[in-house]
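Contents: one structure, followed by commentary.
Starting from 1, each residue takes its place in the sequence as its number. Computed from a predicted model, the values in this text were never measured in an experiment.
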Amino acid sequence: MERELAIIFKGLSLTSQELGYLSSIFKKETFKKGELILTTEEEVKHQYYVLDGCLRTFFIDLKGKEHTIQFAVNDWWISDYISYFLDEKSVLTIESIKESTLLRVEKEDFEKALHKIPSIEHHIRKKVERFMAKNQKRTLAALSQSAKQRYLNFAKSYASIEKHVKNYHIASYLGITTQSLSRIRKEILKGSGG
């Protein structure tokens, strides 16, 4: 577990006592492709760190349409943060797109760890700040960029997982139809001389 914790908290000098404490609160879990990690109407009192794999967070609207909110790959944290932070029932579903190895930590344990080990609180705060900035960039892109530009941004950000993700998941994430996604890919391929 110490090797995995060194990945999560890379760049920090943690004592063996601190690593031992962290090892006691993180639990390794493996999920198969297609397995649901979280479903709606749950009380979410934990979050996951992705050691390996790919996850998809999605929301199903009142008409039954899926909206992909996030993909999580190695070195990402994932949960239904509305439920996690606001103590509401979950509204999101998290699915393992390919076999994934995660570290699960309970909210109460993690809060104690952040108080007990100030260096990890700073480390996590920096990650949360980057996450918030990326989220705002995505919102602005959805409001102002063409579908083609959003796809190019997706392909750049998720280059290693695109082949594992179904076309309708990518289209849902981009807010377009699968037909539009197909057309955009053909345009890009044609433009590159392929």
Side-chain angles (χ1 to χ4, degrees), residues 8 29 31-105 107 110 124-182 184-185:
I8 297 178
E29 296 183 10
F31 295 90
K32 295 177 181 157
K33 179 180 178 176
E35 194 170 350
L36 296 181
I37 295 162
L38 177 72
T39 57
T40 58
E41 295 298 312
E42 289 185 38
E43 287 184 25
V44 180
K45 301 291 185 192
H46 57 277
Q47 60 180 319
Y48 293 97
Y49 175 85
V50 183
L51 282 172
D52 184 50
C54 179
L55 308 171
R56 175 178 80 105
T57 304
F58 63 94
F59 168 75
I60 301 173
D61 67 21
L62 295 174
K63 295 178 181 174
K65 183 178 177 188
E66 282 186 14
H67 301 273
T68 299
I69 307 299
Q70 174 189 6
F71 294 103
V73 293
N74 304 6
D75 194 32
W76 288 47
W77 291 88
I78 192 165
S79 188
D80 180 326
Y81 288 111
I82 295 169
S83 177
Y84 184 84
F85 287 119
L86 302 179
D87 293 322
E88 296 177 7
K89 296 281 188 186
S90 61
V91 295
L92 302 175
T93 299
I94 302 176
E95 171 189 25
S96 183
I97 289 179
K98 64 178 198 170
E99 186 168 316
S100 301
T101 304
L102 314 176
L103 292 181
R104 175 182 169 136
V105 63
K107 182 179 181 181
F110 201 50
I124 294 298
R125 183 174 54 82
K126 288 297 187 190
K127 282 200 173 264
V128 169
E129 288 170 359
R130 283 192 296 277
F131 173 77
M132 288 173 63
K134 283 181 180 180
N135 226 19
Q136 282 194 338
K137 278 185 172 182
R138 179 167 179 242
T139 301
L140 291 172
L143 295 171
S144 64
Q145 292 180 345
S146 68
K148 182 178 179 181
Q149 189 56 53
R150 291 195 311 272
Y151 172 72
L152 290 169
N153 290 343
F154 168 85
K156 183 179 175 185
S157 296
Y158 295 105
S160 64
I161 66 153
E162 189 175 357
K163 63 181 177 264
H164 300 288
V165 180
K166 294 177 180 165
N167 285 342
Y168 72 89
H169 293 161
I170 296 171
S172 168
Y173 180 78
L174 298 173
I176 60 176
T177 64
T178 52
Q179 293 84 355
S180 294
L181 176 62
S182 190
I184 289 166
R185 284 178 167 158

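- Considering only heavy atoms from C-beta on, Ile8 stays 4.5 Å or farther from Lys127 through its side chain.
- Tyr49 is listed as a side-chain neighbour of Asp75, based on a closest heavy-atom distance under 4.5 Å.
- No donor-acceptor pair closer than 3.5 Å links the side chain of Asn167 to the backbone N or O of Thr178.
- Heavy-atom contacts from other residues, nucleotides or ligands closer than 6.0 Å to NZ of Lys166 number 12 or fewer.
- Annotation: side chain of Val105 is in contact with side chain of Gln47 (closest heavy-atom distance under 4.5 Å).
- Considering only heavy atoms from C-beta on, Ile37 stays 4.5 Å or farther from Ile78 through its side chain.
- Taking the side chain as every heavy atom from C-beta outward, Leu174 and Leu181 approach each other to under 4.5 Å.
- No donor-acceptor distance shorter than 3.5 angstrom exists from the side chain of Thr68 to the backbone of Gln70, with no hydrogens or angles considered.
- When all heavy atoms are compared, the tightest approach of Cys54 to Ser100 is N-OG, 3.1 Å.
- Counting heavy-atom neighbours within 6.0 Å of Lys33 NZ, excluding the residue itself, gives a total of 12 or less.
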Walk me through whether Tyr84 and Trp77 qualify under ring pair (Phe, Tyr, Trp, His ring centres under 6.0 Å).
CA-CA 13 Å; Tyr84 184 84; Trp77 291 88; 9.5 Å; no

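- The neighbour count for Glu43 CD, taken as heavy atoms of other residues, nucleotides or ligands under 6.0 Å away, does not exceed 12.
- In this structure, Arg138 satisfies the cation-pi test against Tyr173, with its NZ or CZ atom closer than 6.0 Å to the six-membered ring centre and inside 45 degrees of the ring normal.
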As a quick check of understanding, evaluate side chain to side chain contact (heavy atoms under 4.5 Å, CB included) for Glu88 and Val44, giving each step before the final call.
CA-CA 8 Å; Glu88 296 177 7; Val44 180; over 6 Å; no

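- Distance CZ/Phe31 to OG1/Thr101: 10.0 Å, rounded to 0.5 Å.
- Note: Leu55 CG to Leu36 CG = 11.0 Å, rounded to the nearest 0.5 Å.
- In this structure, the side chains of Val73 and Val50 stay at 4.5 Å or more apart for every pair of heavy atoms.
- For Ser182, the side-chain contact (heavy atoms from CB on, under 4.5 Å) partners are Lys186, not counting sequence neighbours.
- Applying the ring pair (Phe, Tyr, Trp, His ring centres under 6.0 Å) test to Phe85 and every residue at least two apart in sequence or in another chain returns Tyr81.
- Residues Tyr168 and Glu66 are in side-chain contact: their nearest non-hydrogen atoms beyond the backbone lie under 4.5 Å apart.
- Classification of the Phe71-Tyr158 ring pair by plane angle, with boundaries at 30° and 60°, yields perpendicular.
- Side chains of Ile176 and Ile184 form a contact here, defined as non-hydrogen atoms less than 4.5 Å apart.
- Atom CD1 of Ile69 sits about 11.0 Å away from atom CD1 of Ile94, to the nearest 0.5 Å.
- For the residue pair Tyr151 and Arg185, a side-chain donor N or O sits within less than 3.5 Å of a side-chain acceptor on the partner.
- Atoms OG1 and CD, from Thr40 and Glu42 in turn, are 8.0 Å apart once rounded to the nearest 0.5 Å.
- In this structure, Thr39 contributes its side chain and Thr93 its backbone to no donor-acceptor pair below 3.5 Å.
- Counting only distance, with no hydrogens or angles, the side chain of Arg56 and the backbone of Ile97 share no donor-acceptor pair below 3.5 Å.
- Atom OH of residue Tyr48 and atom CD of residue Glu29 lie 4.5 Å apart, to the nearest 0.5 angstrom.
- Between Leu92 and Phe59 the shortest heavy-atom distance is CD2-CB, 3.8 Å.
- Between Glu95 and Gly34, the closest heavy-atom pair is OE2-CA, 4.0 Å.
- Heavy atoms of other residues, nucleotides or ligands lying less than 6.0 angstrom from CD of Glu129 number more than 12.
- How far CD of Glu41 is from OG of Ser83: 9.5 Å, rounded to the nearest 0.5 Å.
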